[in-house]
Amino acid sequence: MPRYKSLNGSLMEESIGYSDGERTVVDGQRVSVFTAYLQDYLAAPNLTILTETLVRSVTIEGDRATGVSVVQNGKSRQFNARYEVILSTGAIQTPKILMLSGIGDEKELRRHDIAMRQHLPGVGRNFQDHPLVLGCNWLAPAGAPVMQAASLVAFCNSLTSNPAPDLHIVFSGFMTATPHVAQRYRYPAGNFVFPGGWGMSIGLLRPESRGRITLADANPHSKPVIDARMLSEPRDRDALLVAIEMARSIGNSAALKSFTTGELSPGLSTSKERNSFLRDAIGTYFHPTSTAKMGTDDLSVVGADLAVHGIEGLRIADASIMPRIPAANTMGPCVVIGERASHMIRASYGL
Ligand SMILES: Cc1cc2nc3c(=O)[nH]c(=O)nc-3n(C[C@H](O)[C@H](O)[C@H](O)COP(=O)(O)OP(=O)(O)OC[C@H]3O[C@@H](n4cnc5c(N)ncnc54)[C@H](O)[C@@H]3O)c2cc1C
């Protein structure tokens, strides 16, 4: 495989290649979106951060968003917006808040006796996530060199006819496995992460399966229902089965022989065994997106300016607006959405 200098760039368009894993680090310190964008402004007069505060709904008068209703330490409070409300509550909670505000599929709202403000059937639909396979692992001899988590990331292609990569193969210096795989292959005690070996986790970057977020009930404290429908499209399953074999051919290659005493899992041969392993090993890459997608079709929720269709003064700026999940980790794209939102808001008010 050709080696690239960075994960972020031309490698993302190539059919095969790898690079070192990348982290957001400045002067030897991990940097989060909070530390990068907010930490230096905590004392600014035009910023108030309320913790332990749950947004219940957006308040709407006529077809205009007027503020948010919240619960803070068990007490209800109302905040009114002089200009507009911007929801950045992520692809799982944003559709929940929209539905609790009366914005969503009419049938779904009626099911929970929520008064409809705007019929937008796409709210909560089009849920996308990258499936992640945890469980391709090799035992290491004592004294073998140890790598970090996600030390190397390869972009690969499950189908030779597809020019762009659709797989991440992520190398780590320890073993990762779902509880089902750990039980089936008698892993040592641990939880998702296991010592004594190394392995590869596999992410599917261009899933075709689509899920849905719905309300459990009309209580803002209830968790929404996530129906991820992972692997509901056979193409996704087929791509991951190819990927597992790619990982196995790398792990069992002559070049790595001196670093392992043998394959711990999956080590399978029949197609039935491979399918059953995949079902045990599948989980989330923690990249939920696309539940309030940007566009102009019947299932879109926001326009190009991030404004919710049919409601004045309400924008969404988070992973939910992505029409399609990017073929990459999602933090960077979410930061770009935030940056673009800030440019649009400044342009709207001449700031
Ligand atoms: C365990 C894990 C590991 C990850 N690792 C990586 C990685 O290595 N690289 C990468 O690129 N991406 C990674 N991601 C994905 C990345 O973190 C997300 O794609 C990104 O944070 C999504 O941004 P967002 O703004 O859409 O939502 P979020 O970052 O989820 O922000 C939503 C915010 O809204 C708040 N909120 C939600 N509902 C309410 C409410 N009702 N009232 C008040 N506040 C509310 C939440 O508390 C949260 O602070 C990871 C995610 C997870 C969970």
Side-chain angles (χ1 to χ4, degrees), residues 6-8 12 19-25 30-38 48-59 67-74 76-79 85-101 124 127-132 134 148-153 168 170 172 176 191-193 201 203 205 213 215-216 218-224 226 228 283-294 301-302 306 315-342:
S6 170
L7 279 183
N8 292 295
M12 301 165 101
S19 144
D20 289 341
E22 288 186 346
R23 287 162 180 79
T24 46
V25 174
R30 287 295 290 267
V31 178
S32 71
V33 178
F34 173 80
T35 51
Y37 283 88
L38 275 177
T48 305
I49 297 176
L50 301 177
T51 57
E52 304 303 320
T53 306
L54 180 84
V55 173
R56 274 203 302 218
S57 61
V58 178
T59 46
V68 286
S69 152
V70 309
V71 189
Q72 191 181 28
N73 297 322
S76 296
R77 289 182 73 182
Q78 168 71 31
F79 291 95
V85 175
I86 299 135
L87 278 185
S88 297
T89 39
I92 293 171
Q93 302 296 334
T94 286
K96 175 186 142 182
I97 295 173
L98 288 174
M99 288 186 269
L100 290 176
S101 313
F127 174 93
Q128 295 169 49
D129 192 1
H130 295 135
L132 187 73
L134 296 181
Q148 290 186 336
S151 300
L152 298 172
V153 180
H168 256 178
V170 183
S172 293
T176 53
N191 197 11
F192 284 98
V193 171
S201 44
L205 301 180
I213 303 283
L215 294 175
N219 180 349
H221 295 278
S222 299
K223 290 175 178 150
I226 306 170
T284 171
Y285 212 154
F286 302 108
H287 294 161
T289 67
S290 311
T291 50
K293 71 170 183 170
M294 181 185 282
V301 175
V302 300
L306 301 172
R315 272 190 241 241
I316 300 176
D318 61 31
S320 55
I321 64 103
M322 300 177 185
R324 216 185 56 203
I325 192 166
N329 298 59
T330 44
M331 181 273 287
C334 289
V335 170
V336 173
I337 291 168
E339 291 267 356
R340 289 287 298 138
S342 104

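Both ligands and their constituent atoms are indexed starting at 1 by order of listing.
Atom 7 (C) of ligand 1 has its closest protein heavy atom at Asn329 ND2, 4.0 Å. Nearest protein neighbour of atom 17 (O) of ligand 1, counting heavy atoms only, is Met331 CB, 4.7 Å. Nearest non-hydrogen protein atom to atom 24 (P) of ligand 1 is Asp318 CB, 4.0 Å. Scanning all protein heavy atoms for the shortest distance to atom 42 (N) of ligand 1 gives Val55 N, 2.8 Å. Atom 51 (C) of ligand 1 has its closest protein heavy atom at Phe286 O, 3.3 Å.
For the pair Gly332 and ligand 1, the shortest N or O to N or O distance does not fall below 3.5 Å. The shortest N/O to N/O separation between Ala91 and ligand 1 does not fall below 3.5 Å. When only interatomic distances are considered, the shortest N/O to N/O separation between Cys334 and ligand 1 does not fall below 3.5 Å.
Ser6 places a side-chain N or O within donor-acceptor distance of the main-chain N or O of Asn8, the cut-off being under 3.5 Å. Between the side chain of Ser19 and the backbone N or O of Leu7 there is at least one donor-acceptor pair closer than 3.5 Å. Remark: the backbone N or O of Pro323 is paired with a side-chain donor or acceptor of Gln128 at under 3.5 angstrom. Between the side chain of Thr176 and the backbone N or O of Leu134, no donor-acceptor pair lies under 3.5 Å. Remark: the backbone N or O of His287 is paired with a side-chain donor or acceptor of Asp129 at under 3.5 angstrom. Formation of a donor-acceptor pair under 3.5 Å by the Thr291 side chain with backbone atoms of Pro95 is not found in this model. Between the side chain of Ser101 and the backbone N or O of Ser57, no donor-acceptor pair lies under 3.5 Å. Put simply, the side chain of Lys96 gets close to the backbone of Ser222: a donor and an acceptor are under 3.5 Å apart.
When distances from atom 14 (N) of ligand 1 to the protein are checked, a heavy atom turns up under 4.0 Å. The presence of a protein heavy atom under 4.0 Å from atom 38 (N) of ligand 1 is confirmed. Protein heavy atoms all stay at least 4.0 Å away from atom 48 (C) of ligand 1. Counting protein heavy atoms under 4.0 angstrom from atom 11 (O) of ligand 1 gives one or more. Within a 4.0 Å radius of atom 5 (N) of ligand 1, the protein contributes no non-hydrogen atoms. The nearest protein heavy atom to atom 28 (P) of ligand 1 is not closer than 4.0 Å.
Judged by the shortest distance from any of its heavy atoms, Ile92 lies outside the 4.0 Å radius around the atoms of ligand 1.
With ligand atoms numbered from 1 in the order given, ligand 1 contributes 37 (C), 38 (N) to contacts under 4.0 Å with heavy atoms of Gln93. Less than 4.0 angstrom separates some heavy atom of His287 from each of these atoms of ligand 1: 12 (N), 13 (C), 14 (N), 15 (C). Near Ala319, meaning under 4.0 Å from one of its heavy atoms, ligand 1 places the atoms 26 (O). Close approach to Thr53 involves these atoms of ligand 1, each under 4.0 Å from a residue heavy atom: 42 (N), 43 (C).
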Apply side-chain contact (heavy atoms from CB on, under 4.5 Å) to residues Arg315 and Val302 and explain how you reach the verdict. CA-CA 8 Å; Arg315 272 190 241 241; Val302 300; over 6 Å; no
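For atom 30 (O) of ligand 1, the nearest non-hydrogen atom from the set Gly21, Pro333, Gly90, Ser57 belongs to Gly90. Across Thr330, Val33, Thr89, Thr24, heavy-atom proximity to atom 19 (O) of ligand 1 is greatest for Thr330.
One distance of note links NE2 of His168 with CG of Asn329; it measures 5.0 Å at 0.5 Å rounding. Leu100 CG to Gln93 CD: the interatomic distance, rounded to the nearest 0.5 Å, is 9.5 Å.
At a cut-off of 3.5 Å, with distance as the only test, a side-chain donor of Thr89 or Thr94 sits close to an acceptor on the other residue.
Residue contacts with ligand 1, taken as heavy atom pairs separated by less than 4.0 Å, involve Ser88 solely via the backbone atoms N, CA, C and O.
Crowding of Arg56 atom CZ: a count of heavy atoms from other residues, nucleotides or ligands under 6.0 Å exceeding 12.
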